[in-house]
Number of protein chains: 2
Amino acid sequence: MLTIGKLGAAAGVKVPTIRYYEQIGLLPEADRSAGNQRLYGQATLDRLAFIRHARDLGFRLEAIRDLLSLSDSPDQSCAAADTIARAQLAEVESRILRLTALKAELERMVVQCSGGRIANCRVIEVLGDHSLCATDDHRHPETEATP
Amino acid sequence: MLTIGKLGAAAGVKVPTIRYYEQIGLLPEADRSAGNQRLYGQATLDRLAFIRHARDLGFRLEAIRDLLSLSDSPDQSCAAADTIARAQLAEVESRILRLTALKAELERMVVQCSGGRIANCRVIEVLGDHSLCATDDHRHPETEATP
DNA sequence: TTAATGTCTCTAGCAACTATAGCTTCAAGA
DNA sequence: TCTTGAAGCTATAGTTGCTAGAGACATTAA
């Protein structure tokens, strides 16, 4: 059995995060030692590694919750899991597109900065006047959802 | 003079957001009408448009605060503004790199989904076992700061 | 005049943690 | 066995950048 610290080290997750996951029901309530400390077995380590990996891939906790409940019932069709992954892929793709447009705009700003005074600074100028931008692509903040 | 609603419409910013910006000191305290409603002039509209545009480009409010104070002193060197913009550019570039790695991984996942049962589903399997991943690039969540 | 809309303040909520305070438990060395 | 330091416990509050709601007041159009 692992203590919470060992579990965290094994899965690459910080201790308060594990307690947080338990609190929101992503991990089951842990068994306790005689001294009230949490103890974990391999099953929780696997589950936590799953969560950690999915978080790394940008899945939201709600999506992970769904994926976990799917994996808890292995006889079902995997269409739902596939759907979640495809939605995630689409979101990642759209974020890449947006960020690429931002990058181009920032590069333009930075390259054109003369290194002189603020009054002539291209960075400040472009930020103050959107019409100086090459594209409008970054005018859609609603697509910039947090991962 | 503009009411807060007109200002918001003109700058493309929601009304509560304007009040929030005032609250955290990004916008100065507004003049008030006889009936205690906020009134704004062109200067605030410009400032708000600046903020909006910088937010669209992914700058954090703290960076915007710095940029605004820079733009308030037009005789200074613009090196600081340049530095902020370059930092932003670097962050955007690193996010693109990370997202591109994620995209590859997610594509692999969905391509390999056989459409069968969960028990054999690659989506679940890959998420449960990081060693099945093609890359380790998504193991750096500290670069995934919220925009 | 009345109704509809806009604005006011204040508080609470969101995601996904992270940090702090003040306590208890555990493991290892002297 | 005692002691010390690390690790664990709970509970609460803070983070970022807003957004939503309640209940009251102001303004404007018909």
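Here is how names work: the chains are called A, B, and so on, in the same order as the sequence lines, proteins then strands, and each is numbered from 1.
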note: B:M1, atom CE; C:dT7, atom C1'; distance rounded to Å ~ 16 Å

Think A:T17 has a side-chain N or O under 4.0 angstrom from the OP1 or OP2 of C:dA16? no

The reported gap from CD1 in B:I64 to CG in A:L127 (rounded to nearest 0.5 angstrom) is 8.0 Å

Atom-pair distance (CZ on B:R60; P on D:dC18), nearest Å: 12 Å

Whole angstrom value for the distance that separates C1' of D:dT27 from NZ of B:K6: 11 Å

Look at all strands and tell whether B:R19 reaches a base, only sugar-phosphate, or nothing, counting heavy atoms closer than 4.0 Å. base

Can you tell if the side chain of A:F50 reaches within under 4.5 Å of the side chain of A:L67, non-hydrogen atoms only? yes

Atom of A:E107, atom of B:E93 and distance for their closest heavy-atom approach: OE2-OE2, 3.6 Å

Salt-bridge test for A:R19 and A:E22: reply yes if a basic N is under 4.0 Å from a carboxylate O, no otherwise. no

In terms of side-chain heavy atoms of B:N36, which of C:dC17, C:dC8, D:dG17 is nearest? C:dC8

Between B:L61 and B:Q37, which residue's closest nucleotide on DNA chain D lies nearer the 5′ terminus? B:L61

Using whole Å, what does the distance between atom C1' of nucleotide D:dT16 and atom CG of B:L26 come to? 12 Å

Verify the contact: side-chain N or O of A:T3 to OP1 or OP2 of D:dA7, cut-off strictly under 4.0 Å; return yes or no. no

Quick one: on DNA chain C, does A:A34 or B:Y40 contact a more 5' nucleotide (nearest heavy atom)? B:Y40

Give a yes or no on whether a salt bridge exists between A:R98 and B:D56, defined as a side-chain N under 4.0 angstrom from a carboxylate O. no

Rounded to the nearest angstrom, tell me the gap between atom NZ in A:K14 and atom P in C:dA16. 16 Å

Side-chain atoms of A:V15 come closest, of C:dT9, C:dA16, D:dG8, to D:dG8

Just compare C:dT9, C:dC17, D:dT10 and give me whichever is closest to any side-chain atom of A:R32. D:dT10

Of the nucleotides C:dA16, C:dC8, D:dG17, which has the atom closest to the B:I4 side chain? C:dC8

Taking the side chain of A:Y21 as its heavy atoms from C-beta onward, which of C:dC17, D:dG8, D:dT10 lies nearest to it? C:dC17

Whole Å only: how far is the CG atom of B:L39 from the C1' atom of D:dT27? 12 Å

Does B:R38 have a side-chain nitrogen or oxygen under 4.0 Å from the phosphate oxygens OP1 or OP2 of C:dT9? yes

Taking atom C1' of D:dA7 as reference, at what distance in whole Å does atom CD1 of A:I18 sit? 13 Å

Spacing of B:Q23 atom CD relative to D:dG17 atom C1', expressed in whole Å: 11 Å

